[in-house]
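Keep in mind the model is a prediction, meaning the values are calculated, not measured. In each ligand, atom 1 is the first atom listed, and ligand 1 is the first ligand listed.
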Amino acid sequence: MNPLEVIGRKRDGREHTPEEIQFLLAGYVRGEVPDYQMAAWLMAVCIRGMSPAETLALTQAMVMSGEVLDLSAIPGIKVDKHSTGGVGDKVTLVAGPLAAACGVKVPKLSGRALAHTGGTLDKLESVPGLTVELDPERFAKQVREIGIAVAAQSPRIVPADKLLYALRDVTATVPSIPLIASSVMSKKIAAGADAIVLDVKFGRGAFMPDLTSAEELAAEMVKLGEGAGRHTVALVTAMDNPLGRTVGNALEVQEALDALSGRGDEELLEVCLRVTREMCELAGVHADAQKVLRSGAGREKFEAMLAAQGGHLERGLPMAAVQVAVKADRDGYVGAIDALEIGLSGADIGVGRIRKEDKIDPAAGFVVEAQVGARVSKGEPLVVVHARSRELVDGVTPRVRAAWHIVDHEVRRPPHVLARVDKSGVTRAD
Ligand code: URA
C-alpha cells in the first residue's frame, strides 16, 4: 500500500478499508505522508464523501493516534460539550462554567479558529497569562477540583486531529460531514467524558448550509458517540447571524463574563441555558440553570477556571488601538447580519487565520450595535470594528456594511434552537 494508491481510490469514489485509513493517518502523524498528499486526500473526501463505516474507521484511527484520557478517578458523570463552529459562538465560555456551577464535571478539549469560525482556545488565550496547554494530569486535576477545564488537545491526545485541523483550515476542506464528525467525535471520545452535548450549527456562518444537513451531521455524531459508549445529545442551532453582541477573542471573553453576570443577549442566553440543561440532564444533576445563572455562581466558576489555567483577568483584557463605527447608509430595520461575511472580515483583521502560521490579534473583532430586528436611522452605528490599524478597518468596512441587510419592514429575530437529536432520532422544535 502507498499513499498515492489510497488517495487515488478516494478520488475515484471507491470505499476505503479501515486498514487504508489507518495507514494514511498513521503515516501522516509520523511525518511520512506530507501535507500536500494529505490535503489531496482531504479534498477527495470532501468531494466524494465517506460511508458510515469509513467515518467510523477514521474516527477510531484518530482516537488511536494518541492517548485516551482516563477520568474514572473523578467522581460523577463527566459531560463534555462541543460546537461544530460558528461566528460569535461563545456558548462554551458560558454554558461550560454554568454547568460546572450546577455541579456537572466538564472536561473539555477545544479547537482553534477554523476557516471563518472562531476558536475557543484563541478566545481563552486573550486572557493575560492563560494557558490552554494542560497535560493530561493537570487537566484531570482541574476538572476534579474546579469542575471544569478547557484545554487544547495536547500532542498526546488525538495528535491526528491537531494536524488535520490546521491543514483543513487552510485548504478549504472543512465542510464535510465525515471530516467534521470524526474530528469532533475523536476528541470527545479521547477526552474521556461519559456523555457529550453537541451544538450543531447551520446557516450562512456555519459549515452546514441547512437544517437537513445539520441534522444529518448531528445524527452521524450521535451514532459515533453512542457507539463508543458515550451518551450523546445534539442541539441543532441557527447560525445565519453572528451569535450575541461580539465577534472576536477578548471581546467574546468579555461578553461571556457579562452573560454570566446576567447581562447577556437573549438569543445567546437561550442557547447557553438549553446546552446547560442538556448537560445537567445527562449528568443526572438536578439544578435550576436559570437560578444558578442569576446567583452569579457561573461567573465565579468561569473566573476560577481562568485563574487555574494561569489567567490574570485583573490585568485587563487586550483592547484594540483603533475602534471605528460602521454606520447605516439608510433608514430601516436590520433584517439579517451575514455571519459568513463577518467571519471572513474577522480573518482579515486578525480574529482568525488565513495562513497556518498567521498570528491571532486577541483584541480584534466586532461589537454589534444594531442586532437583527433593530430599527436604525441613516448615520447610526451598526457595528464597531476593533483592529490594530485604521488601514485594516478601512479594508473591511465595505464588506462589513454590506453584511447588514437593512429592510423596510419590521423584523422578528428568528428562532434559534431548531432541533434536538439523540439516539432515538430527530425532534424538531415546534
Ligand atoms: N470543530 C471541530 O472540532 N472539528 C471540525 O472539523 C469542525 C468543527
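- The distance from ligand 1 to the heavy atoms of His82 drops below 4.0 Å at these ligand atoms: 1 (N), 2 (C), 3 (O).
- Considering backbone and side-chain atoms together, Arg168 places an N or O closer than 3.5 Å to an N or O of ligand 1.
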Evaluate Arg138 against Thr131 for side-chain contact (heavy atoms from CB on, under 4.5 Å), listing each step before the verdict.
CA-CA 12 Å; Arg138 182 170 167 194; Thr131 180; 3.8 Å; yes
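- Ligand 1 lies out of reach of Val174, whose nearest heavy atom is not under 4.0 Å from it.
- Ligand-side atoms of ligand 1 in range of Thr84: 7 (C), 8 (C), range being under 4.0 angstrom from any heavy atom.
- For ligand 1, the atoms lying closer than 4.0 Å to a non-hydrogen atom of Val184 are 1 (N), 2 (C), 3 (O), 4 (N).
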Test side-chain contact (heavy atoms from CB on, under 4.5 Å) on Ile77 and Lys105 and set out the steps.
CA-CA 7 Å; Ile77 298 173; Lys105 294 278 188 269; over 6 Å; no
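- Of the possible donor and acceptor atoms, none in the side chain of Arg420 sits under 3.5 Å from a partner among the backbone N and O of Ala234.
- Under the 3.5 Å distance criterion, the side-chain polar atoms of Ser182 are left unmatched by any main-chain donor or acceptor of Thr59.
- Listed for the Asp258 side chain is no donor-acceptor partner under 3.5 Å among the backbone atoms of Gly264.
- Ranking protein heavy atoms by distance to atom 3 (O) of ligand 1, first place goes to Lys187 NZ, 2.5 Å.
- At a 3.5 angstrom cut-off on N or O pairs, Ser183 counts as close to ligand 1.
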Which pairs of donor and acceptor atoms, one on a side chain in residues 219-228, lie under 3.5 Å apart (sequence neighbours left out)?
from: Glu226; atom 1: OE2; to: Thr232; atom 2: N; distance (Å): 2.9

